[in-house]
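Below: one structure, written as structure tokens.
Sequence lines set the chain letters: A, B, ... in the order given, protein chains first and strands last, and positions in each chain run from 1.
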Number of protein chains: 2
Amino acid sequence: MQRLADRGLRLTQQRRCIVAQIGAQEAHFDAEDLVSSLAAGDDRVSRATVYRLLPVLVEVGVLREVMRFGSRREFEPVEASEHHEHLVCERCGAVIEFRDQALEDAIESAARKRGFEMHRHSVEMVGLCPRCARAQARAEEDRS
Amino acid sequence: MQRLADRGLRLTQQRRCIVAQIGAQEAHFDAEDLVSSLAAGDDRVSRATVYRLLPVLVEVGVLREVMRFGSRREFEPVEASEHHEHLVCERCGAVIEFRDQALEDAIESAARKRGFEMHRHSVEMVGLCPRCARAQARAEEDRS
DNA sequence: TCCTAGCTGAGACTGTGTCTCAAATCTAGC
DNA sequence: GCTAGATTTGAGACACAGTCTCAGCTAGGA
């Protein structure tokens, strides 16, 4: 909230509602999640307002835009967690968050090596989570 | 083309046109690029057909789906080049392709360490390309 | 040649996100 | 506390990428 004020942005009722709702949200969420959970509550905030505020919160450093699964833009609170990467299971849709210092280092070094001033990055790994990999292996065994 | 036949898929005129057009395409392209370049030529292939074939070509191993810039799904031919990552410049929009073995290794090891069976991955690095980073630095110098 | 599963085209439809503009509201200055 | 005016809002139209439907067509095996 304070960060909005610092930037000369107004602290409207709607913005308070949105920020409060973000606090109540799961780790990842997208604009439509917010719109519907605000609608479910007593807060009346229009879709346009939510869509307008999200990029502002990213710029102000409250949110971080994470990968896009499908076509929706996903967000997560910056302070809630350290930066992390995501494993996406093709079979069950699970999203596994993880942090890997060696990977971070490799990314930063790759950028530096090429004179690139990196502001953010994301790694998307798609495949089978441990559970589905096992299930798949069993299914193939049975077939043979 | 052969790969389609191997899978029991038909080699229709439209599919030949699409595959030929992909060959004539720049490194990256998306469905709309293809649709419009097909329309510009003498080939008449509908949008639906193009959108239908692209995921098939990915599955068959002819194309690879790369990162999504904005909201469009981008593709690139698999054989044209080795797997590579992308640096995206926020300022000029340039996309720099690069390959970094250390980074690949770090990604694979991160997946393996977590029992994840990785099928594909992509790294998106956003920031300033060397040229824009220099321009930015100069601009800030001038201002002070 | 014939048959039919698979493919196509046209356009309606869906979902996500943006834009517009009149009306409402926040905040600085008095 | 009041006022002015700059910002923000809401509702809905719009834009765009991508999907779906279904009647008609066709590749390719028998």
Next item on the list: Find the bend of the helix from C:dT1-D:dA30 to C:dC30-D:dG1 as the angle between its two terminal axes (five pairs each), to the nearest 10°.
Entry: 30°
Rounded to the nearest 0.5 Å, what's the gap from [atom1] on [X] to [atom2] on [Y]? Could you check?
X        : Y       : atom1 : atom2 : answer
A:Ser122 : A:Glu65 : OG    : CD    : 9.5 Å
B:Arg15  : B:Leu57 : CZ    : CG    : 8.5 Å
B:Ile22  : B:Asp33 : CD1   : CG    : 11.0 Å

Quick one: [X] [atom1] to [N] [atom2], roughly how many Å, whole number?
X       : N      : atom1 : atom2 : result
B:Asp33 : D:dA17 : CG    : C1'   : 13 Å
A:Arg16 : C:dT25 : CZ    : C1'   : 12 Å
A:Leu54 : C:dT16 : CG    : C1'   : 13 Å
B:Leu38 : C:dG9  : CG    : C1'   : 14 Å
A:Glu65 : C:dG17 : CD    : C1'   : 12 Å
A:Glu32 : C:dT14 : CD    : C1'   : 12 Å
A:Arg73 : D:dC16 : CZ    : C1'   : 13 Å
B:Arg72 : C:dG17 : CZ    : C1'   : 15 Å

Checklist line | Atom CZ of B:Arg99 with >12 non-hydrogen neighbours under 6.0 angstrom | finding: yes
Check: Around B:Arg16, counting heavy atoms of other residues, nucleotides and ligands shown, do more than 12 lie under 6.0 Å from its CZ?
Finding: yes
Check: Are the side chain of B:Glu85 and the backbone N or O of B:Val123 linked by a donor-acceptor pair below 3.5 Å?
Finding: yes
Next item on the list: With sequence neighbours left out, write down each residue that passes salt bridge (charged side-chain N to carboxylate O under 4.0 Å, His left out) with B:Arg114, or none if nothing qualifies.
Entry: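 If we apply the salt bridge (charged side-chain N to carboxylate O under 4.0 Å, His left out) test to B:Arg114, skipping adjacent residues, the hits are A:Asp100.
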Check: Listed by chain and number, what are the salt bridge (charged side-chain N to carboxylate O under 4.0 Å, His left out) partners of B:Arg47, not counting sequence neighbours?
Finding: B:Glu32
Give the minimum heavy-atom separation between [X] and [Y], together with the two atoms involved.
X        : Y        : value
A:Cys89  : A:Cys132 : SG-SG, 3.7 Å
A:Val56  : A:Arg52  : CG2-O, 3.5 Å
B:Pro130 : B:Ile96  : CD-CD1, 4.2 Å
A:Phe98  : A:Met125 : CZ-SD, 3.7 Å

Check: Nearest to the side chain of A:Ala48 - C:dT27, D:dG12, D:dG18?
Finding: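 The closest nucleotide is D:dG12.
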Next item on the list: Would you check if B:Arg73 and B:Leu54 make a side-chain contact, meaning some heavy-atom pair closer than 4.5 Å?
Entry: no
Check: Has B:Tyr51 got a side-chain N or O lying under 4.0 Å from the OP1 or OP2 atom of D:dG18?
Finding: yes
Notebook entry, point to check: Is there a side chain to side chain donor-acceptor pair (under 3.5 Å) between A:His84 and A:Glu76 once you walk through the steps?
Noted result: CA-CA 11 Å; A:His84 53 254; A:Glu76 69 185 9; 3.2 Å; yes
What nitrogen or oxygen pairs link the protein and nucleotides 6-9 of chain D at under 3.5 Å?
unit_1, atom_1, unit_2, atom_2, d
D:dA6, N3, A:Arg10, NH1, 3.3
D:dA6, N3, A:Arg10, NH2, 3.0
D:dT7, O4', A:Arg10, NH1, 3.2
D:dT7, O4', A:Arg10, NH2, 3.3
D:dT7, O2, A:Arg10, NH1, 3.3
D:dT8, OP1, A:Arg10, N, 3.4
D:dT8, OP1, A:Arg15, NH1, 3.1
D:dT9, OP1, A:Thr12, OG1, 2.8
D:dT9, O3', A:Gln14, NE2, 2.8

Check: Between residues 55-63 of chain A and DNA chain C, which residues have a heavy-atom gap below 4.0 Å?
Finding: none
Please write out each protein N/O paired with an N/O of nucleotides 13-15 of chain D under 3.5 Å, distance rounded to 0.1 Å.
none

